[in-house]
Amino acid sequence: MDQETLTKETLEHTISQFFLKDVVSGLSAVNKSLSSKYFYDKHGHALFQQIMQLPEYYLTRCEMDIFQHKTAELAFAIGDEPFDLIELGAGDGTKSFHLLKHLSEHSATFTYMPIDISGNILRFLETNLKADIKDLDIKCFQGDYFEMMAKAVKQSERKKVVLMLGGNLGNMTAMETQNFCRSLYKHLKPGDRAIIGFDLKKHPRTILNAYDDVKGITAAFNLNLLSRINRELDADFDLDQFEHYQTYDPATGECRSYLVSLITQTVTLKNETFSFEKDETIFMEVSRKFSKEDITGLALESGFRHVTQIMDSKHWFTDSVWEIT
Ligand SMILES: C[S@@+](CC[C@H](N)C(=O)[O-])C[C@H]1O[C@@H](n2cnc3c(N)ncnc32)[C@H](O)[C@@H]1O
């Protein structure tokens, strides 16, 4: 076995150990929860591709509008000097592709460093980007955001530009978001910038429908995490006995996904047993929505200067540009 295969296997093993630890701790809590960062195995990735195409799921279309039609503005926000472009939770890079192509066509000097916990997505991303942007300098990092970011920032002395698109930052509670932005600040230096996607508050029904589609793809996406636990952690969740339930609270801007146990049941995972009451819930994911003031406030209180907001034509979504002064 060569060194690269060995490292990849060790990495997958470490991630699988964290997966087990997080699942056991989430299911042992008084209010059960699972971490949404494990949604994206091969099946989860395929289901998310379908979600992005749904008429109800406006988020991808809105941010795509920005990346396709305001590419020059995004490039201007980055500036002229050579830089490293670090993308947190890059996924399949559908939107960043347009910026990368623009930068490459305008002879920008940069290395693209996508970070994602899913090795599967990173392999897909690297293959596609290399095929479409021939001279792209790309270096992938598989693992958790800041563990990988600490490695990425050490790759060169160049200016850093951090991209965090879609709803990634919104998938954290208010407290986690604050802590995340403060950590981001600590990893960067004066002159570095961040471009962060925020879904803006809008009609509550529009938001709720985006996460509760009529075809039930979002439900399948949530249930897939139980399948993944069955497959990878030797558990026996009966998927027919759990149902997806979605809420949105316009006051807090929190859209929350749950799975509800339809009966009293037990689930075994390796040597452990977890009991569920009828109607007991597992909290799966939060998708937070922001006002423009929430965003400028968050930038300032984490130490950044808020530079500008780049919005889609409907003004439903913004990519907000922050700088370290
Ligand atoms: C909803 S997808 C969005 C992808 C992309 N940012 C976009 O806007 O299209 C979220 C991505 O973030 C990754 N992710 C989630 N939590 C992560 C974490 N803690 N560390 C690294 N990657 C993470 C997932 O694997 C997934 O690929």
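First listed ligand is number 1; within each ligand, the first listed atom is number 1.
Within 6.0 Å of the OH atom in Tyr185, the count of heavy atoms belonging to other residues, nucleotides or ligands does not exceed 12.
In the model, Asp92 has a side-chain atom that pairs as donor or acceptor with a side-chain atom of Gln49 under 3.5 Å. With no hydrogens or angles considered, a side-chain donor-acceptor pair links Asp199 and Tyr58 at under 3.5 Å.
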Handout entry: Asp294 and Ser291: CA distance, side-chain angles, deciding distance, side chain to side chain donor-acceptor pair (under 3.5 Å) verdict
Key = CA-CA 5 Å; Asp294 291 337; Ser291 67; 3.2 Å; yes
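For the pair Glu232 and Ile229, the minimum side-chain heavy-atom distance is 4.5 Å or more. Within the 4.5 Å cutoff, the side chain of Phe276 has no heavy atoms near those of the Thr266 side chain.
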With the criterion set at N/O pairs under 3.5 Å, what does the list of contacts between the protein and ligand 1 look like, atom names and distances included?
{"residue": "ligand 1", "atom": "6 (N)", "partner": "Gly89", "partner atom": "O", "Å": "2.8"}
{"residue": "ligand 1", "atom": "8 (O)", "partner": "Lys95", "partner atom": "NZ", "Å": "2.7"}
{"residue": "ligand 1", "atom": "8 (O)", "partner": "Gly166", "partner atom": "N", "Å": "3.3"}
{"residue": "ligand 1", "atom": "9 (O)", "partner": "Lys95", "partner atom": "NZ", "Å": "3.3"}
{"residue": "ligand 1", "atom": "12 (O)", "partner": "Asn168", "partner atom": "ND2", "Å": "3.3"}
{"residue": "ligand 1", "atom": "16 (N)", "partner": "Tyr145", "partner atom": "OH", "Å": "3.4"}
{"residue": "ligand 1", "atom": "19 (N)", "partner": "Asp144", "partner atom": "OD1", "Å": "2.8"}
{"residue": "ligand 1", "atom": "20 (N)", "partner": "Asp144", "partner atom": "OD1", "Å": "3.4"}
{"residue": "ligand 1", "atom": "20 (N)", "partner": "Tyr145", "partner atom": "N", "Å": "3.2"}
{"residue": "ligand 1", "atom": "22 (N)", "partner": "Ile117", "partner atom": "N", "Å": "3.1"}
{"residue": "ligand 1", "atom": "25 (O)", "partner": "Asp116", "partner atom": "OD1", "Å": "2.6"}
{"residue": "ligand 1", "atom": "27 (O)", "partner": "Asp116", "partner atom": "OD1", "Å": "3.3"}
{"residue": "ligand 1", "atom": "27 (O)", "partner": "Asp116", "partner atom": "OD2", "Å": "2.7"}

